[in-house]
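Structure first, then comments.
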Amino acid sequence: MESLREEVLSGAVGGVARPGVDTRLTHGGRDPASFHGLVNIPACRGSTIVAPSLDEWDARKRPGNPMASYGRFGSPLSRAFEQTVADLEGGHAAIVFPSGLAACTHALLSLVRPGDHLLVTDSVYGPVRSFALGVLQRLGVEVEFYDPRIGGDIRTRLRQNTRVVYVESPGSITFEMQDIAAIAQEAHRVDAFVVMDNTWATPLFFRPFEHGVDVSIQAATKYIVGHSDALLGVATANQATWDLLRQGAHDFGQTAGPDDLYLALRGLRSLGVRLRRHQAGALEVAQWLSDHPAVARVMHPALPGDPGHALWRRDYLGASGLFAVALRPVPTAQLRCFFDRLQLFGLGLSWGGYESLVLPVDPPARVCAPSLPGPLVRIHVGLEDPADLIADLDQALKAMRGLVPCARGQVV
Ligand SMILES: *Cc1c(COP(=O)(O)O)cnc(C)c1O
């Protein structure tokens, strides 16, 4: 019965079409028959896993045996989560990490060697930039940043010793879209790996392995967990890269705790409906902001005027809830007024939860930074009613422009 379930999910049953993504989100990795009928895999705690006989102990240690002999090598929860994510991403296999950043850094560490050349998009998530410039350079890796819009011209930056091209699309903070397929095609000519941070789109809105990516990373902390209550990362590799990634993760003792894995699996079940709602809400808010006199530019690839819009249309199946706005120049005191007046938007790091967030972001110290007229604000649109979010932004922007008093409770 259970094997039939798995065969149906993998599309291996003759005549049965591979189920749609929401069906796979709902059923992937679940196996009630193995857990007394419980719908969800319980949060299993365990370090040691004992064997009933020496024969079985030896069998467990055989390479490639999926049955773990120790908690660090996996649990029913981690395997269910990894297999479901690998299936959604369209890769061969996945491995969990205790945070999204750990997934990024360990994916890189598992691939690069001293003397290698690493190409990193200039729009990369800030902590990955710091890691490359700090740890990787110290280990003898030559790090070079490239313009995220480079596309196939990446060939002019590739060298014989280029080991990895790191991509992130759209980029953190400034949301440039990248031509992943063109970059991957060139990178593979010199046998370089393409590592992608696919957190913004999730596997639902971008299928990285169909565009030539070798390792795809999710900061599961964001949309997969989806409720701002756990930190988790996961990296998926294609078959050719899997052994390196897995070995790299194991060598560094990477694991994740049962509660976080449980929450991530639970988050996956509703990822489809949440993402579509984030998408619709963010588009509504972004469109409203793009008509606002205080706003100079909205950076959101699903908006028709965005420089990355054509690439987004060509390659993406949707847009999530995170984007940025460049405001027109405004004195700091007035900008403070904007943030202080917001009621529904929390002021904080991270994103991907059900709640809306704003964050003032400094223009990144980059090799090819876009010129911005005024302060940059990153916005995550949560699951609230978009009309309420717009009303909240409206009153905060009015206060910023001096049209209503800055302090709350004062009505004009
Ligand atoms: C947040 C984030 C990460 C890191 O995830 P954590 O779980 O916070 O470590 C990596 N990449 C991107 C694009 C992110 O936004």
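FYI, the numbering just counts along the sequence from 1. Note that the coordinates shown come from a computational prediction; the quantities given were computed from them, not determined experimentally. Read the numbers this way: they start at 1 and go in the same order the structure lists the ligands and their atoms. When reading the values below, keep in mind they use all heavy atoms of this one structure, side chains included, and skip hydrogens, waters and symmetry mates.
Residue contact check for ligand 1: G233 places no non-hydrogen atom closer than 4.0 Å to it.
Looking at W351 against ligand 1, only its side chain comes within 4.0 Å, counting heavy atoms. Both the backbone and the side chain of L101 come within 4.0 Å of ligand 1, judged by heavy-atom distances. Residue contacts with ligand 1 for A102 are absent, since no atom lies close enough (heavy atoms, distance under 4.0 Å).
In summary, the atoms of ligand 1 found under 4.0 Å from a heavy atom of S172, numbered by their order in the structure, are 13 (C). Short contacts between ligand 1 and T221, defined as distances under 4.0 Å to a heavy atom of the residue, involve ligand atoms 6 (P), 7 (O). Of all atoms in ligand 1, numbered sequentially from 1 with element shown, those under 4.0 Å from a heavy atom of A219 are 2 (C), 3 (C), 4 (C), 5 (O), 10 (C).
Nearest to atom 2 (C) of ligand 1 among the protein's heavy atoms is K222 NZ, 2.4 Å.
Taking the six-membered ring where the residue is Trp, H106 and F97 present parallel rings, their angle staying beneath 30° rather than reaching 60°.
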Derivation of the side chain to side chain contact (heavy atoms under 4.5 Å, CB included) call for H92 and T236 | CA-CA 7 Å; H92 172 67; T236 305; over 6 Å; no

Give the C-alpha distance, both sets of side-chain angles, the deciding distance and a yes or no for side chain to side chain contact (heavy atoms under 4.5 Å, CB included) between D153 and Y146.
-> CA-CA 10 Å; D153 288 343; Y146 64 89; over 6 Å; no

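When only interatomic distances are considered, the shortest N/O to N/O separation between D197 and ligand 1 falls below 3.5 Å. Taking only nitrogen or oxygen atoms, main chain and side chain alike, G100 reaches within less than 3.5 Å of ligand 1. Of the N or O atoms in E168, none lie within a sub-3.5 Å distance of an N or O in ligand 1.
For H278 and F205, the distance between ring centers is not under 6.0 angstrom.
Between the CD1 atom of I154 and the CD atom of Q185 there is a distance of 13.0 Å, given to the nearest 0.5 Å. The line from CZ of F145 to CG of L118 is 8.0 Å long, rounded to the nearest 0.5 Å.
Contact check on E168 versus R129 returns no salt bridge, with no Lys/Arg side-chain nitrogen under 4.0 Å from an Asp/Glu carboxylate oxygen.
In this structure the side chain of V195 never reaches within 4.5 angstrom of the side chain of V167, judged on heavy atoms.
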